[in-house]
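Scroll down for the structure; my scribbles are underneath it.
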Amino acid sequence: MNHKTFFTLCTFCLLATTLSAPAQAESAEAKTVNKTQQLYRDHCAECHNEHRLGGMGPALLPENLKRLKMKDAATVITNGRVATQMPAFREKLSETETRSLVDYIYTPLEQMPVWGMAEIRASQIIHNKASELSDKPVFEVADLLNLFLVVELGDHHVTLLDGDKLEPIHRFKSRFALHGGPKYSPDGRFVYFASRDGWISKYDIYNLKLVAEIRAGINTRNQAVSADGRYVMVANYLPHTLVLLDAKDLSPIKLFEAKDHTGKTSRVSAVYTAPPRNSFIAALKDIPELWEISYDDNPPAGFGFWVHDYREDSGEKITPDPFPVRKIEVSDYLDDFFFDQDYVNLIGASREGKGQVVNLDVGRVIVPDLALPGMPHLGSGITWEYQGRTVLATPNLKANNVSVIDMESWKTIKNIETLGPGFFMRSHKNSPYAWVDVFFGPNKDAVHVIDKSTLEIVKTLRPAPGKTAAHVEFTRDGKYALLSIWDTDGAVIVYDANSLEEIKRLPMNKPSGKYNVYNKTRYLEGTSH
Ligand code: DHE
């Protein structure tokens, strides 16, 4: 069943339910249900999908709300949710209306949507065959590794920038609501995007053409590309799965159900590639487990899963599972995480703000109580050398500061006070500065520049008063820093990364993240991986 058939069926079920209601006068109960459904359509459907399956916002189904008590859900509707796009409905909904919406979103769907291998496979679209695409770029630039992609959320487009001339080369349509960093193939020719509603798109930068697309989930978190460029792994909130794709044309290879030994299933918080380990690391949101999935042709010890392959001629033969999973118990749910530069230690946090450090080599938690006062936005932590040791720094979504933590003692060296909670932090090996935004509140137009050698804020920029300024990415050499003005009438502003002077503004439609091919494919310190 492809996605169109699925949604047609859903609509049909909904219609059927409505039509099969007794023809007599509507009961009081039915009236309340209809009113609640109308409230949902008016206030929630745009972001959470009319069938509650998730869109810009998460799916609102009991299966995905297990960690949220009903009374807390009511508080979220009333006050909004920090660090997300969820607004407060205090002024729009009465207490009774809020309560009825809470009851509604905790009511199971009559039929839970199925998005398994068959549905995934049926959704695949091959736009252009690899054999028909030239390996010579159709445009000229001095350095193919210094290209940038800018995601423009305003009208769902992506702009390709020449990182030397700092000029746009091409602009193309993306799927609706891309989220998270696009991931490049190791040579930087191809890029993979994920949309919140599960579409993975492979784009050929050299030919400026889509190669293939597939819908890997209904409500997707993010995707990772293996360091060898062979695989794409997709993490889903709905259904509770990880999906492995062949990077060549996005054909599905394997579906992993995210569940524990009791059969309890979980949303997947996020998945990242761990290059030196030849593995993907995924955290589960409703089960305190971390999964390492090896794509190594010879998985190391510890990946002890073997499958039986029965062959008619010789009876039973034992073969290794090509993508074995190693499960690590953690001390709390991991809603987000990032790595040290060696991919030995993983630093994670739960939404409640409890931090922990997991040593991936030994496979256990080594620091259960890392001091992270707020919750960082996923993947926002960066590392650098400070007075002969490596420190990690991360903004906090719930606190007005940046935590700087010594990565040997795991103690906080400093909490750098900021003008509000920040979303993104960025630096470059060649830059003396780290940039952090103030995404929320009255100072959302401010961006702090921190001196990495003194841990002091040396400058606060306000390039577009009143408009959110956020997310910085550096050119390959670290000489220029590009900052987004998140507005439909927005821009990418180019700064000299040393003098902090503005060089130019490129008009864009609500630009969000920017991604430099070299920095991302080399997993440079200071850049999101
Ligand atoms: Fe993000 C990255 C999760 C809200 C813009 N965000 C990520 C990643 C995750 C994540 C897992 C890493 C993906 C990757 O690169 O592989 N984001 C979450 C949340 O849990 C949160 C707080 C709530 C949610 O809505 O899911 C959240 N994120 C937002 C936003 O509201 C932002 C500002 C606007 C939007 O697009 O929805 C937003 N997130 C981004 C961006 C990145 C990102 C631009 C990539 C950063 C990078 O430099 O790599």
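Counting from 1, the numbers follow the sequence of the chain as shown. Counting starts at 1 for both ligands and their atoms, following the listed order.
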Minimum non-hydrogen distance to [atom], winning option of [options]:
{"atom": "atom 26 (O) of ligand 1", "options": "H471, R81, R221, H179", "result": "R221"}
{"atom": "atom 14 (C) of ligand 1", "options": "K514, K183, Q223", "result": "K183"}
{"atom": "atom 4 (C) of ligand 1", "options": "F439, F424, F423, Y272", "result": "F423"}
{"atom": "atom 36 (O) of ligand 1", "options": "V225, L153, T468", "result": "L153"}
{"atom": "atom 37 (O) of ligand 1", "options": "R426, Q85, R196", "result": "R196"}

Would you please classify the geometry between the F439 ring and the W486 ring as parallel, tilted or perpendicular, with 30° and 60° separating the classes?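 Correct class here is perpendicular.
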
Name the orientation class of the two ring planes belonging to Y231 and Y295 (parallel below 30°, tilted from 30 to 60°, perpendicular beyond 60°).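 Answer is tilted, since the angle falls between 30° and 60°.
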
Examine K202 relative to F190 and say whether NZ or CZ is less than 6.0 Å from the centre of the six-membered ring and inside a 45° cone about the ring axis. yes

Under the 6.0 Å and 45° cation-pi test, does R52 pair with Y104?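 R52 over Y104 ring: yes.
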
Aromatic ring proximity, centroids under 6.0 angstrom, H471 and Y515: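 For Y515 and H471, the ring centres are under 6.0 Å apart.
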
Please tell me whether F256 and F323 form a close aromatic pair, meaning their ring centres lie under 6.0 Å apart.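 Centroid distance F256-F323: not below 6.0 Å, so no.
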
Please say whether K520 places an N or O atom under 3.5 Å from an N or O atom belonging to ligand 1.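 No, there is no polar N/O contact under 3.5 Å.
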
Taking 4.0 Å as the limit for heavy-atom contacts, which would you say applies to W486 with ligand 1: side chain only, backbone only, both, or neither?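 It is the side chain that gets close, since no backbone atom is under 4.0 Å.
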
